[in-house]
Protein chains: 2
Amino acid sequence: MSAAKQARAAKRATVIKAMAHPSRLLCLEALMAGELCVADLTSLVGADISTVSKHLALLRSVGLVTIEKRGLQVFYQIACPCLGTFFECMDDLASSARSSKRRAAARCQC
Amino acid sequence: MSAAKQARAAKRATVIKAMAHPSRLLCLEALMAGELCVADLTSLVGADISTVSKHLALLRSVGLVTIEKRGLQVFYQIACPCLGTFFECMDDLASSARSSKRRAAARCQC
DNA sequence: ATTATGCTTGGCAAAATGGCCAACTAGGTT
DNA sequence: AACCTAGTTGGCCATTTTGCCAAGCATAAT
């Protein structure tokens with residue numbers, strides 16, 4: 001029983017950890033408007049292309065994005081359309097951190 | 001423009017990173033059924049109480065939970081009711097990782 | 001065939017995280 | 001006052017994460 005819950009928590013953590021980085025969130029956000037290749041995402045993030053490639057590989061390994069190779073390029077695409085709503089909810093939390101219970105709850109309208 | 005997006009991504013990452021650990025997810029999940037004190041959560045997680053206390057402090061620092069002190073105990077409470085839906089979505093992703101785009105998208109119904 | 005382009009992978013150093021023990025604080029009890 | 005009881009905080013070490021460079025790989029162009 002508890003073992004099953006811990007296993008589930010571990011799986012969830014794997015996916016959530018994959019999102020838990022500014023560069024990776026930036027990529028996810030950009031991809032929500034449509035697919036982009038690695039070069040596009042690299043200029044967006046502003047890091048070395050190898051770094052961005054590894055970030056994307058991580059997102060892909062947990063299923064948050066999928067790829068499609070066309071010619072020399074690799075296009076990354078969002079696999080989970082629900083992220084938008086969730087991100088807005090995170091924004092609300094971020095701006096009401098450490099506030100009273102009532103205020104935080106009021107802001108969260110998911 | 002891009003600076004604003006990066007700032008937003010950083011804030012989001014702070015909140016999401018706070019969730020990105022099995023023990024913290026276990027706590028959040030348990031708290032969704034109602035408030036619990038640190039001792040309760042500690043036996044649930046199965047780690048040292050000091051470790052759990054630090055996990056909870058982190059969740060609180062980003063506004064995911066709030067506290068209420070009563071007597072000697074500190075009761076932790078969920079601040080963001082939307083987490084349930086999101087977690088289910090993560091479960092779907094976790095079980096369809098590395099699958100084709102079509103399958104992954106089909107499973108995500110958020 | 002050679003070269004170029006787009007991306008991935010290996011390796012390494014710096015930084016951040018996680019977990020335990022020990023020490024401390026705040027609120028109750030005797 | 002002395003003593004519990006419930007949590008928090010500091011310190012330390014082990015592990016993980018992050019990011020750059022260099023090297024490798026696959027596809028396309030010349």
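All values reported here derive from a predicted model rather than from experimental measurement.
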Counting only side-chain nitrogens and oxygens, does B/Lys17 get under 4.0 Å of the OP1 or OP2 atom of C/dT17? yes
From CG of B/Leu59 over to P of C/dG18, roughly how many Å is that when rounded to an integer? 11 Å
With a 4.0 Å cut-off on heavy atoms, is B/Arg24 in touch with a base, just the backbone sugar-phosphate, or nothing at all? sugar-phosphate
So which nucleotide from D/dG7, C/dT8, D/dT27 ends up closest to the side chain of B/Val38? D/dG7
Does the side chain of B/His55 get closer than 4.0 angstrom to OP1 or OP2 of C/dT17 through an N or O atom? no
Spacing between A/Leu72 atom CG and C/dT5 atom P, to the nearest angstrom: 10 Å
Under 4.0 Å between a side-chain N or O of B/Tyr76 and OP1 or OP2 of D/dA6? no
Rounded distance in Å - CZ (A/Phe75) to C1' (C/dT5): 13 Å
Between A/Met19 (CE) and D/dT17 (P), how many Å, whole number? 15 Å
In terms of heavy-atom contacts, B/Ala18 and B/Val62 come closest through CB-CG2, 3.5 Å
Please pick, from D/dC21, D/dT8, C/dC20, the nucleotide with the shortest atom-to-atom distance to any side-chain atom of A/Asp48. D/dC21
Roughly how many Å is it from CD1 in A/Ile49 to C1' in D/dC20, rounded to a whole number? 13 Å
Tell me, please, whether A/Tyr76 has A/Arg60 positioned over its six-membered ring: NZ or CZ under 6.0 Å from the ring centre and within 45 degrees of its axis? no
Closest nucleotide among C/dG27, C/dC7, D/dG7 to the A/Gln73 side chain: C/dC7
Indicate the atoms forming the closest heavy-atom contact of A/Leu36 with A/Leu31, along with that distance. N-CD2, 3.6 Å
Value in whole Å for how far the P atom of C/dG27 lies from CD1 of B/Ile67: 12 Å
The side chain of A/Val74 lies closest to which of these nucleotides: D/dT16, D/dA26, C/dC7? C/dC7
If every non-hydrogen atom of A/Val45 is compared with every non-hydrogen atom of B/Gln6, which pair is closest and at what distance? O-NE2, 3.5 Å
Look at B/His21 and C/dG19 and indicate whether a side-chain polar atom (N or O) is within less than 4.0 Å of OP1 or OP2. yes
Quick one: sort the A/His55 and A/His21 rings into parallel, tilted or perpendicular, breaks at 30° and 60°. tilted
B/Thr51 side chain, from C-beta outward: closest of C/dC21, D/dT18, C/dG19: C/dG19
Just compare D/dG19, C/dC20, D/dA26 and give me whichever is closest to any side-chain atom of B/Ser50. C/dC20
Distance, rounded to the nearest Å, where B/Leu56 contributes CG and C/dG18 contributes C1': 14 Å
Would you kindly give the NZ-to-P distance between B/Lys69 and C/dG27, to the nearest whole Å? 7 Å
From C/dT9, D/dT27, C/dC20, nucleotide with atom closest to B/Lys54 side chain: C/dC20
